[in-house]
Amino acid sequence: MASVKTKTVWFCKECGNESPKWMGRCPACGEWNTMVEETVATGKKQSPVAVSVPSSGHKPMPLSDIDSSVENRISLNNGEVDRILGGGLVEGSLVLIGGEPGIGKSTLSLQIPLHCPNLKTLYVTGEESCRQVKLRAARIGGDDTNCLIYSETLMENIIAEARSIMPDLMVVDSVQTMYSQNIESSPGSVTQIRETAAMLLRFAKETGVPVILIGHITKEGSIAGPKVLEHIVDVVLQFEGENRGTYRLLRSIKNRFGSTSELAVFEMTGKGLREVSNPSEMLIPMHEEGLSGVAVSAMLDGTRPFLIEVQALVSSAAYGTPQRSATGFDVRRLNMLLAVLEKRAGFKLGVKDVFLNMAGGLKVNDPACDLAIVSAILSSNFDFAIPSDVCFAGEIGLSGEIRPVSQTDRRVMEAARIGFKKIYVSSFSSLEQTPEGIEVIKVGDVPALCRTLFRN
Ligand code: TYD
Ligand code: MG
């Protein structure tokens with residue numbers, strides 16, 4: 001090793017693109033200021049980085065001859081996690097759990113083995129001592145005789161240990177602390193992260209042991225974010241939401257074995273993360289009747305319908321330029337909705353500050369929320385409360401028309417189940433059947449919405 005030559009290269013920490021010199025903008029992904037300097041060994045051939053299924057000498061074969069029996073899935077005894085994985089953890093899969101520090105990645109990944117006493121788990125921690133893990137496990141509770149804690153950061157040792165133990169599940173916390181001897185650069189660098197993930201992927205595919213890998217996202221971006229890993233792993237689960245509140249949202253953003261954009265909701269309690277299997281109840285906070293600026297949207301996240309409260313505040317602009325701010329919603333879309341209200345329905349909001357907030361720290365991109373957003377804005381503007389048993393599902397077009405949204409039936413069903421009495425939808429929605437106890441009100445455009453909503 002004494003005469004290993006090294007050279008300096010630049011990596012983009014967003015996409016992993018390699019370049020011999022520094023550039024302000026990554027030519028591959030177009031991001032600015034993402035190039036980081038790293039030293040890599042030259043001469044000695046490095047092990048291949050990207051691997052998929054190990055080559056076992058198979059010849060190309062006709063599609064019809066390939067065994068298509070379903071993958072073996074392991075239930076993790078956690079309804080929410082099983083659901084967003086698409087029905088349990090697939091054998092030999094590599095799952096990345098990403099999120100900001102302190103959001104609950106380590107808690108979740110320790111809770112899974114503790115709640116599955118029948119799975120022999122190897123829990124590798126590079127961040128905390130065994131004692132710290134023990135203290136956390138004591139808070140979470142559960143059987144821990146089958147859970148082996150291993151405090152190590154050298155990947156070669158971890159893989160050797162895992163091969164001799166052959167666990168049913170392996171957890172690695174976190175990818176940024178692990179390193180391989182074959183790579184010159186320090187832990188947390190793009191090359192180390194890619195190599196660590198590739199070694200774990202090779203191990204998972206060769207042995208069939210599922211691996212849960214934890215990755216940090218830092219706001220400053222001083223270490224490589226897990227973005228470079230997304231191509232390598234099979235599943236990416238991402239924690240979102242604010243870690244100030246008690247609710248934690250876990251979203252599947254990539255899944256080779258199931259649908260994406262599924263959302264799981266947890267509550268951080270003194271005993272770890274509790275599953276919230278009925279998120280509608282958490283997203284519609286209880287408050288007194290008669291508050292203006294509040295409307296409930298029947299939205300769909302992934303395949304699951306739920307109801308979320310939208311809050312708007314409209315006030316006279318204190319400065320020359322009115323402020324528009326949105327939490328959990330695209331501010332450009334908010335501006336578009338305001339323009340529609342101004343131009344197509346004659347509301348003078350151009351001189352008003354408008355603030356919008358989605359309950360529970362959720363990030364919403366379902367266009368069906370438009371109708372609730374517009375209703376909340378108008379409600380705040382007129383200081384006229386919308387009754388609390390009313391909800392909305394509709395998209396707003398540029399000419400002020402209310403357009404039908406996908407799966408209106410399921411949204412209406414969910415609203416009826418929670419106990420809403422009225423739901424506003426587009427007049428072009430086709431409904432198969434209306435459940436008992438809910439009135440479906442069809443409206444064609446924004447002026448018609450105002451007429452029916454603020455009638456009295
Ligand atoms: P943690 O899983 O350590 O976050 P990450 O691994 O994503 O950095 O979770 C950290 C927070 O969770 C910490 O502020 C303490 C809190 N917590 C609880 O509230 N209850 C618990 O039972 C546990 C284990 C942690
Ligand atoms: Mg942690």
Side-chain angles (χ1 to χ4, degrees), residues 76-78 80-81 84-85 94-117 121-144 147-153 155 158 169-179 187-188 192-193 196-197 200 211-227 229-230 233 235-253 263-276 282 360-363:
L76 297 178
N77 273 349
N78 186 316
E80 290 289 285
V81 177
I84 58 168
L85 286 171
L94 180 58
V95 178
L96 175 71
I97 300 184
E100 285 172 22
I103 197 146
K105 302 178 296 295
S106 305
T107 306
L108 182 68
S109 57
L110 183 61
Q111 195 170 329
I112 288 171
L114 291 183
H115 290 175
C116 295
T121 309
L122 178 61
Y123 186 100
V124 185
T125 165
E127 302 210 326
E128 290 157 308
S129 64
C130 293
R131 218 180 82 83
Q132 280 172 304
V133 177
K134 173 79 191 168
L135 288 175
R136 188 195 298 269
R139 289 180 73 172
I140 298 172
D143 190 358
D144 50 8
C147 183
L148 305 164
I149 309 293
Y150 184 31
S151 180
E152 176 61 274
T153 51
M155 279 311 293
I158 293 169
L169 170 68
M170 181 164 160
V171 178
V172 178
D173 184 7
S174 66
V175 67
Q176 274 91 3
T177 52
M178 302 296 156
Y179 73 102
Q192 284 289 8
I193 286 183
T196 299
L200 288 171
V211 180
I212 296 179
L213 179 63
I214 293 177
H216 291 283
I217 301 173
T218 58
K219 286 216 174 101
E220 315 76 52
S222 54
I223 47 170
K227 272 242 148 45
L229 293 171
E230 283 177 15
V233 302
V235 179
V236 181
L237 303 181
Q238 175 116 28
F239 267 108
E240 59 179 53
E242 302 155 39
N243 52 11
R244 282 181 285 129
T246 56
Y247 291 106
R248 306 292 154 97
L249 309 159
L250 187 64
R251 190 186 292 282
S252 119
I253 52 176
L263 185 74
V265 183
F266 298 96
E267 185 186 4
M268 183 61 96
T269 67
K271 288 179 172 171
L273 292 161
R274 184 183 72 84
E275 297 168 46
V276 179
M282 129 215 165
L362 197 71
K363 287 196 189 71

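Just so you know, residue 1 is the first one in the sequence shown, and it goes up from there. Numbering of ligands and ligand atoms starts at 1, following listing order.
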### Task
Report yes or no: does Ser174 have an N/O/S atom closer than 2.8 Å to the Mg ion (ligand 2)?
no

### Task
With a 4.0 angstrom cut-off on heavy atoms, strictly below it, pick out the residues next to ligand 1 and order them by chain and number.
Glu100, Pro101, Gly102, Ile103, Gly104, Lys105, Ser106, Thr107, Arg136, Arg139, Met268, Thr269, Gly270, Lys271, Gly272

### Query
Leu96 and Ile214: which non-hydrogen atoms are nearest, and at how many Å?
CD1-C, 4.3 Å

### Task
Could you give me the CA-CA distance, side-chain angles and deciding distance for Val133 and Asp173, then say whether side-chain contact (heavy atoms from CB on, under 4.5 Å) is met?
CA-CA 11 Å; Val133 177; Asp173 184 7; over 6 Å; no

### Task
Report the C-alpha separation of Ile112 and Leu169 in whole Å, then their side-chain angles, then the decisive distance to 0.1 Å, and conclude whether the side-chain contact (heavy atoms from CB on, under 4.5 Å) test is met.
CA-CA 10 Å; Ile112 288 171; Leu169 170 68; 4.2 Å; yes

### Main-chain N/O of Tyr123 paired to Thr121 side chain as donor or acceptor, under 3.5 Å
no

#### Entry: Inter-residue atom distance His115.NE2 - Leu110.CG, 0.5 Å rounding
9.0 Å

### Task
Output, in order, the C-alpha distance, side-chain angles, deciding distance and verdict of side-chain contact (heavy atoms from CB on, under 4.5 Å) for Asn78 and Glu275.
CA-CA 8 Å; Asn78 186 316; Glu275 297 168 46; 3.3 Å; yes

